[in-house]
*Asks:* 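Quick one: the structure is below, and I'll ask about it shortly.
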Amino acid sequence: MTTDPDLPGLHIGGVPREGGGTEHYEVRDPATGRVVSSRPEADVRDVDDAVRAAHTSFADWSRTTPAERSTLLFRWAAELDTVAAELADIETLQAGKPIRLSSGFDVPGSIDNVAFFAGAARNLEGKSSAEYSPDHTSSIRREPIGVIGSIAPWNYPLQMAVWKILPAVAAGNTVVLKPAEITPLTSLMLADAATRAGIPAGVVNVITGSGASTGASLVRHPDVRMVSFTGSTPVGTQIAAAAAGKRLHLELGGKAPFVVFDDADLDAAINGAVAAALINTGQDCTAATRAYVQRSRYDEFVAGVAALMDTVILGALGAPATDQGPLVSRRQQQHVAGFVERARADGARVVRGGAIPGGELAEGYYYEPTLIVDADQRSEIVQQEVFGPVLVVLPFDDDAEAIALANDTPYGLAASAWTRDVYRAQTAAREIAAGCVWINDHIPIISEMPHGGYKASGYGKDMSTYSFEEYTVVKHVMSDITGIARKDWHRTVFGR
Ligand code: NAP
Ligand code: MG
């Protein structure tokens, strides 16, 4: 497996360079705890240089034709294709993903998203021109905003960087991205590929460093016109305050319910729940976290999930047999363990897992697949985001109760309903307050369709042409078509 791609920590104005900060960021292999890369962080001057480079390039980039942008973005996708295997290796190394996940999901999904926006760049449009007053023709211009300051989390580093950058630049904006400090490597490779593809210098910039210093300076920078953030709800709330007066796009935390009605295909629901709870070691904002199962099928469901969790293999990331990798950091491992300990103390019962594995896995940040029952709906383990391989199962009696429980957290990012009954499926789709409701599945995403939250999960959309609503402003152009000097409406000022 490849190690550190050996890129300097910043990419500004099309040129890789080292940060000027005195602090160093550290990338560790989550499977072993070994440091694989450590470089100086960006300092305030680097942040300013990156914003200046983006600001300068905006003048030309915003005036390119959609066809010109499209051609360059397709070249970018092709450049990424040539380094797909290396991207997967580095994603595995920095984020602790089994190679099957990074090479089968993260990397191809990211490249597809670049290609999607290459095509979508040519489909930006406003309303057609028309006479909404007899004396004027009105038309709509859809314009880019300027420099976008983007901040991304560590759970899907490459994918999140792509989701943030692509709709912005396809619409004619320029971007300064700050990836999470612990997972910057594939974002730097992404920027490097942009330069090789011929994307003009300064359109895509990457700066690395901690949220509290580098991220906060980016958010506050006066030439950053919009802040686009994906991460936790508490940090998003802080950023919204710091970015007051700027345009904002917030993709925040989730606590997705997984509702199993009594007529569901239980085998499908059990497979679906384990896969959707454990994908990316549960570090997925849409992961299945709370399964509500109709009481007559509850015991069968719990037994099925427990048995399936027993087959999940934790292990080395390069091994093809490995199903579940470690959590991203020691901190995240302690965070997950703390949640499970408090749930136990609260009276919940841990049916499977609930422990940090020893032996060969002890040096990494592993955590066992965990199944919890008998938790109270109001308890922390049901209400708050754990972001680990932990599924809580609770029973319900009737459909109305299931929907009420599904909606009973502050979050609203994603949900699923499992049933063979079309009326139940449609009711769940309508009544659950979430940005995505799956029917008889949970997790799949697709570049053509939007992703984004309700409630404390944020607002605005990633992916799909809906994301252009975030990254463009709509301008009304109103032209007089009478040629008359003393217009009818002037009577309100000039009198008779
Ligand atoms: P996080 O702690 O909120 O951090 C996200 C990013 O914000 C990181 O780059 C972080 O930098 C930076 N940051 C922290 N404080 C900041 C500040 N004061 N000013 C500016 N930037 C700041 O989230 P995380 O732990 O990385 O990721 C997990 C969270 O992301 C979960 O809540 C998950 O649900 C959410 N998420 C949501 C979506 C979605 O689409 N809704 C997708 C993926 C993940 P450093 O970490 O480098 O300090
Ligand atoms: Mg964090």
Side-chain angles (χ1 to χ4, degrees), residues 151-156 160 163 228-241 248-260 272-273 276-293 332 335-336 338-340 342-343 346 348 370 372 375-394 396 401-418 428-439 441-445 449-463 466 470:
I151 297 181
W154 43 255
N155 62 336
Y156 293 102
M160 292 303 106
W163 287 16
S228 179
F229 172 77
T230 300
S232 63
T233 298
V235 173
T237 308
Q238 250 178 287
I239 285 179
L248 263 181
H249 176 195
L250 298 175
E251 293 285 354
L252 308 178
K255 188 74 187 176
F258 185 104
V259 181
V260 184
L278 302 187
I279 186 167
N280 207 35
T281 316
Q283 301 163 118
D284 184 309
C285 50
T286 64
T289 61
R290 309 174 277 142
Y292 296 100
V293 184
Q332 189 64 16
H335 172 84
V336 172
F339 264 98
V340 175
R342 291 191 296 278
D346 250 14
T370 299
I372 295 180
D376 189 88
Q377 172 67 21
R378 300 310 311 162
S379 65
E380 181 195 64
I381 197 79
V382 178
Q383 291 292 321
Q384 289 185 33
E385 188 174 44
V386 177
F387 231 53
V390 179
L391 179 68
V392 187
V393 186
L394 300 105
F396 71 86
E401 186 193 4
I403 303 285
L405 289 168
N407 282 331
D408 178 31
T409 73
Y411 297 105
L413 189 58
S416 64
W418 297 73
R430 187 181 68 231
E431 298 296 330
I432 296 178
C436 173
V437 178
W438 288 283
I439 306 296
D441 207 342
H442 191 120
I443 285 298
I445 50 173
M449 288 290 127
H451 168 91
Y454 280 38
K455 296 157 66 183
S457 294
Y459 48 81
K461 297 295 174 192
D462 283 328
M463 306 205 291
Y466 289 99
E470 320 306 328

*Asks:* Report the distance from atom CG of L250 to atom OG1 of T237, rounding to the nearest 0.5 Å.
*Replies:*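 Interatomic distance, L250 CG to T237 OG1, rounded to 0.5 Å: 8.0 Å.
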*Asks:* Using every non-hydrogen atom in the two residues, find where L405 and F396 come nearest and quote the distance to one decimal.
*Replies:*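 The pair with the smallest heavy-atom distance is CD1-CB, 4.1 Å.
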*Asks:* Mind checking whether Y156 and N280 have side chains closer than 4.5 Å, heavy atoms only?
*Replies:*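 They are in contact (side-chain heavy atoms under 4.5 Å apart), so the answer is yes.
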*Asks:* Short question: side chain of T281, backbone of P389 - any donor-acceptor pair under 3.5 Å?
*Replies:*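 No: the side chain of T281 does not pair with the backbone of P389.
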*Asks:* Kindly indicate whether the side chain of L413, heavy atoms from C-beta on, has any atom under 4.5 Å from the side chain of K455.
*Replies:*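 With C-beta onward as the side chain, the pair stays apart.
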*Asks:* Does the side chain of F229 come within less than 4.5 Å of L252's, by heavy atoms?
*Replies:*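 Yes, their side chains come closer than 4.5 Å.
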*Asks:* Decide yes or no on salt bridge (Lys or Arg N to Asp or Glu O under 4.0 Å) for R342 and E380, but give the supporting numbers first.
*Replies:* CA-CA 8 Å; R342 291 191 296 278; E380 181 195 64; 2.9 Å; yes
*Asks:* Could you check whether any side-chain N or O of D376 sits under 3.5 Å from a backbone N or O of R378, counting only pairs where one atom can act as donor and the other as acceptor?
*Replies:*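 Yes, the answer is positive, given that a donor and an acceptor are paired below the 3.5 Å cut-off.
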*Asks:* Looking at E385 and G254, what are the two nearest heavy atoms and their distance?
*Replies:*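 Minimum heavy-atom separation between E385 and G254: OE2-N, 3.0 Å.
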*Asks:* Identify the two heavy atoms, one from G435 and one from Y454, that lie closest to each other, and give their separation to 0.1 Å.
*Replies:*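 Looking at all heavy atoms of both residues, the shortest contact is N-CD1, 3.6 Å.
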*Asks:* Show your reasoning for whether side-chain contact (heavy atoms from CB on, under 4.5 Å) applies to Q283 and Q332.
*Replies:* CA-CA 10 Å; Q283 301 163 118; Q332 189 64 16; 3.7 Å; yes
*Asks:* Ignoring hydrogens, what is the shortest heavy-atom contact between A414 and W438? Give both atom names and the distance.
*Replies:*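 Heavy atoms of A414 and W438 come nearest at CB-CZ3, 3.6 Å.
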*Asks:* For the residue pair V393 and I372, establish whether any side-chain heavy-atom pair is separated by less than 4.5 Å.
*Replies:*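 Of all side-chain heavy-atom pairs linking I372 with V393, none is under 4.5 Å.
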*Asks:* Donor-acceptor pair, distance only, cut-off 3.5 Å: does the side chain of D284 make one with the backbone of N155?
*Replies:*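 Checked: no pair found.
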*Asks:* Below 6.0 angstrom between ring centroids: does that apply to H451 and W163?
*Replies:*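 Yes, the ring centres sit under 6.0 Å apart.
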*Asks:* Let me confirm one number: the CD-OG1 distance from Q238 to T233, rounded to the nearest 0.5 Å.
*Replies:*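 If we round to the nearest 0.5 Å, Q238:CD and T233:OG1 are 12.0 Å apart.
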*Asks:* Below 4.5 Å, heavy atoms only, C-beta onward: do I151 and I239 meet side chain to side chain?
*Replies:*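 With C-beta onward as the side chain, the pair touches.
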*Asks:* Within this structure, what is the NZ-NE2 distance for the pair K461 and H249, rounded to the nearest 0.5 Å?
*Replies:*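 These two atoms lie 8.5 Å from each other.
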*Asks:* Would you say that Y459 contacts L248 through its side chain, given a criterion of any heavy-atom pair below 4.5 Å between the two side chains?
*Replies:*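 Answer yes - side chains close enough.
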*Asks:* If you measure from CG on D462 to CD on E251, what distance do you get to the nearest 0.5 Å?
*Replies:*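 Answer rounded to 0.5 Å: 4.0 Å.
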*Asks:* Give a yes or no on whether the ring-centroid distance for F387 and W154 is below 6.0 angstrom.
*Replies:*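 Centroid distance F387-W154: below 6.0 Å, so yes.
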*Asks:* So, taking the atom named CD1 in I443 and the one named SG in C436, what distance separates them when rounded to the nearest 0.5 Å?
*Replies:*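 One finds 9.5 Å between CD1 of I443 and SG of C436.
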*Asks:* Can any side-chain N or O of T230 pair as donor or acceptor with the backbone N or O of P153 at less than 3.5 Å?
*Replies:*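 No: the side chain of T230 does not pair with the backbone of P153.
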*Asks:* Can you name the closest pair of heavy atoms from I403 and A428 and give their distance?
*Replies:*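 It is CD1-CA, 3.7 Å.
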*Asks:* For the side chain of Q377 and the backbone of D408, is there at least one donor-acceptor N/O pair under 3.5 Å apart?
*Replies:*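 Present.
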*Asks:* Do the non-hydrogen side-chain atoms of Q383 and Y411 ever get within less than 4.5 Å of each other?
*Replies:*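 Result no, sub-4.5 Å side-chain heavy-atom pair not found.
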*Asks:* Could you give me the CA-CA distance, side-chain angles and deciding distance for K255 and V386, then say whether side-chain contact (heavy atoms from CB on, under 4.5 Å) is met?
*Replies:* CA-CA 8 Å; K255 188 74 187 176; V386 177; 3.8 Å; yes
*Asks:* What heavy-atom pair brings G412 and S457 nearest, and what distance separates the two atoms?
*Replies:*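 Minimum heavy-atom contact is N-OG, 2.9 Å.
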*Asks:* Apply side-chain contact (heavy atoms from CB on, under 4.5 Å) to the pair V336 and V390, showing each step before the final yes or no.
*Replies:* CA-CA 8 Å; V336 172; V390 179; 4.0 Å; yes
*Asks:* Take W418 and F258 through the side-chain contact (heavy atoms from CB on, under 4.5 Å) test and state the conclusion after the steps.
*Replies:* CA-CA 8 Å; W418 297 73; F258 185 104; 3.2 Å; yes
*Asks:* Do T289 and V392 have side chains that get closer than 4.5 Å, going by heavy atoms?
*Replies:*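 Contact flag for T289/V392 side chains = no.
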*Asks:* Please check if the side chain of R290 supplies one atom and the backbone of A406 the other of a donor-acceptor pair under 3.5 Å.
*Replies:*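 Present.
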*Asks:* Is H442 reaching over with its side chain to a backbone N or O of T286, donor-acceptor style, under 3.5 angstrom?
*Replies:*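 Flag set: sc H442 to bb T286 pair under 3.5 Å.
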